[in-house]
Amino acid sequence: MRVRFFVVMLRLLTIGLWMSTGIATGQDRQLDLQEVRSLRQEVTNDEAMDEDLRGRILTLYDAAISSLENAADNRAAAMSFERDQANVDRMVQALRADLARAERPPHIDRAEDLTVEQAEAALARERSRLAAYRDALRRAEQLAEERAQSRTDIARQLGTVDQELELLSDELRRQTQREAPADLKLAVRTDVQARREVALSKTAKLRASLLLLEARGALVPLEVDIARRRVAESEELVRRLEEVSNTLRREHAEESLDEVHALCDQVSSLSPELATVAAETRSFADRLWGPEGVVARSDEATRQTLVTRKHLAELGRITELTRRKFEAYGQRGSVSRWWPTIPEDFPEFASVETTIDRLDSEIPEVEHQLITLEEERSDVREVARDTLARLQPAEGGEADPDVVRGARDLISVRRDLLDELIQQHGRYSNTLVEYRTVSTHFRDNVRAVERFLYSHVLWVRSVPRPIIPRPADIADALGWVLSPEQR
């Protein structure tokens with residue numbers, strides 16, 4: 001009984017201490033997390049307390065402990081924002097120094113010593129690096145675009161938290177007149193004050209976040225400039241590597257064609273029996289390395305795929321900016337306030353459709369050529385046997401060793417050309433499939449932009465180029481309105 005008396009008196013003294021800290025003026029001392037945990041443990045150990053009352057009090061203390069842990073996290077986040085803000089000036093100076101350095105034109109080390117394989121490998125690496133730089137630029141531009149929205153969101157959250165603080169302060173004042181058991185009253189007040197500390201810490205975190213956002217206002221445009229310069233430098237390096245690679249590939253193709261043609265002419269002159277195989281071998285070389293050969297067509301398809309990917313990324317940015325401008329300005333006034341600006345090098349929609357139709361026809365044709373080449377490759381041994389057999393004299397004896405040697409060389413070259421044709425046709429087929437996929441995404445995204453524009457424009461007095469008021473685009477708009485999918 002005496003222990004119970006001292007426990008109750010201790011809690012009453014705690015209540016008195018907290019009430020004497022100026023609750024009515026809102027100057028509550030900060031709760032100590034360990035102290036609240038100790039109070040909870042005391043309630044847990046109090047065997048004389050009613051079980052129902054104990055459950056209510058423990059629930060309140062658990063909520064208070066959770067709130068105080070959240071408040072600690074908020075204060076840690078605020079300190080992190082403050083540290084980041086302190087580093088912004090140093091980062092700005094570093095970026096400005098980086099931008100101030102003279103731009104050096106991209107250089108290819110020992111370009112004259114590169115082989116075709118080395119040049120192509122360097123080009124592939126730089127294209128991957130360029131794609132990464134473009135992604136980084138896109139993220140930097142998104143940060144710049146989202147900055148204003150983030151500032152608005154933080155201001156809105158601050159207003160909500162301020163209102164919450166007023167309500168919690170009122171609730172604390174009401175607790176002073178509340179009639180309830182001392183232990184329950186203490187637990188209720190602890191819970192309310194803990195929630196108030198969460199709100200206060202959240203306010204500090206939001207204000208620190210807002211200050212950091214304002215400080216980064218000078219940092220974000222510099223980061224965008226750095227990202228754009230990296231993209232420009234990488235694009236120039238890719239262009240130069242493409243020139244080197246194309247030159248080396250063209251020289252290699254010309255040399256290889258000359259060698260095969262010379263071999264075919266030489267072997268054909270040795271024996272008329274080898275003329276057919278020589279003609280086939282010449283044809284395989286032309287199909288591989290000629291101006292319209294599979295290597296040249298595959299390289300062009302790769303280039304077109306990369307260009308279309310670039311346009312697709314630009315279209316995504318145009319779409320996002322158009323939607324944001326429309327949400328900001330709506331249908332008030334001139335549509336030019338939110339109508340998209342289309343780059344001059346963007347392909348016409350009709351040309352994209354034509355490209356997809358062409359690819360739909362070309363891909364099966366390339367696959368058929370690949371199968372045919374694989375069939376011819378499987379017959380290499382039989383062709384070699386028949387060719388060498390035709391060189392044997394009808395009256396018996398041994399064939400001319402020079403003719404046989406030339407025939408074997410020709411058969412070996414024919415086999416190697418078939419292997420290379422099969423490899424290049426497989427690569428070409430994969431590139432065409434990728435090209436078609438990217439082109440289809442581009443077409444679908446263009447249609448999505450058109451649906452967005454046409455669904456918000458019923459009549460306008462003037463619209464910037466290039467979409468309206470051209471007759472073809474008006475016809476497209478009417479077709480969209482009357483299409484079955486709009487019914």
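The one candidate from Asp419, Asp409, Val380 that meets the side chain to side chain contact (heavy atoms under 4.5 Å, CB included) condition with Arg414 is Val380. Applying the side chain to side chain contact (heavy atoms under 4.5 Å, CB included) test between Arg287 and each of Leu373, Val294, Leu417 identifies Leu373 as the sole match.
Residue Leu410 comes nearest to Leu263 through the heavy atom pair CA-CD2, 4.2 Å, listed as atom of the first residue, atom of the second, then distance. The nearest pair of heavy atoms linking Lys205 to Ala78 is CA-CB, 3.8 Å. Between Phe346 and Ile318, the shortest heavy-atom distance links the atoms CZ-CD1, 4.2 Å. Glu376 and Phe284 make their closest contact through OE1-CZ, 3.1 Å (heavy atoms, listed as atom of the first residue, atom of the second, distance). Heavy-atom minimum distance, Leu33 versus Leu68: CD1-CB, 3.8 Å.
Separation of atoms CG (Leu130) and CG (Leu241) is listed at 11.0 Å; rounding is to 0.5 Å. With rounding to the nearest 0.5 angstrom, the OG atom of Ser283 is 11.0 Å from the CG atom of Leu288. If you take OG on Ser234 and CZ on Arg134, they are separated by 7.5 Å, rounding to the nearest 0.5 Å. The distance from atom CZ of Arg196 to atom CD of Glu164, rounded to the nearest 0.5 Å, is 11.0 Å.
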Given the rule in the salt bridge (charged side-chain N to carboxylate O under 4.0 Å, His left out) test, do Arg127 and Glu242 qualify, once you have shown the distances and angles that lead to the verdict? CA-CA 10 Å; Arg127 280 172 172 169; Glu242 285 177 341; 2.9 Å; yes
Assess whether side-chain contact (heavy atoms from CB on, under 4.5 Å) is satisfied between Val403 and Leu274, documenting all intermediate values. CA-CA 9 Å; Val403 175; Leu274 298 176; 4.1 Å; yes
Working for ring-ring contact (aromatic ring centres under 6.0 Å, His included), residues Tyr428 and Tyr435: CA-CA 10 Å; Tyr428 184 36; Tyr435 185 18; over 10 Å; no
With salt bridge (charged side-chain N to carboxylate O under 4.0 Å, His left out) as the criterion, how do Glu235 and Arg239 come out once you've worked through the C-alpha distance, each side chain's angles and the decisive distance to 0.1 Å? CA-CA 6 Å; Glu235 286 177 340; Arg239 185 187 67 79; over 6 Å; no
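Side-chain N/O atoms of Asn246 and Arg249 include a donor and acceptor closer than 3.5 Å. Side-chain contact annotation: Thr387 with Glu273, donor-acceptor N/O pair under 3.5 Å absent. Checked by atom type, the side-chain pair Thr355/Arg358 shows no donor-acceptor distance below 3.5 Å. For the residue pair Thr305 / Glu434, no side-chain donor-acceptor distance below 3.5 Å is found, with atom types taken as modelled.
Look at Asp265 and Arg282 and you find a salt bridge, because one of the NZ, NE, NH1 or NH2 atoms lies within 4.0 Å of a carboxylate O, short of that distance. By the 4.0 Å N-to-carboxylate-O rule, Asp135 lies too far from Arg138 to be salt-bridged with it. The pair Glu374-Arg377 does not meet the salt-bridge criterion, since no charged nitrogen lies less than 4.0 angstrom from a carboxylate oxygen. The pair Asp400-Arg405 fails the salt-bridge criterion, with no side-chain N (NZ, NE, NH1 or NH2) lying under 4.0 Å from an Asp/Glu carboxylate O. With respect to Arg443 and Glu348, no salt bridge is recorded, no charged nitrogen being found less than 4.0 Å from a carboxylate O. Using a cutoff of 4.0 Å between basic side-chain nitrogens and carboxylate oxygens, Asp299 and Arg427 are scored as salt-bridged.
Under the 30°/60° scheme for interplanar angles, the aromatic rings of His252 and Trp289 are found to stand perpendicular.
A 6.0 Å sphere centred on CZ of Arg408 holds no more than 12 heavy atoms belonging to other residues, nucleotides or ligands. More than 12 heavy atoms of other residues, nucleotides or ligands lie within 6.0 Å of CD in Glu300, so this atom counts as buried by the packing criterion.
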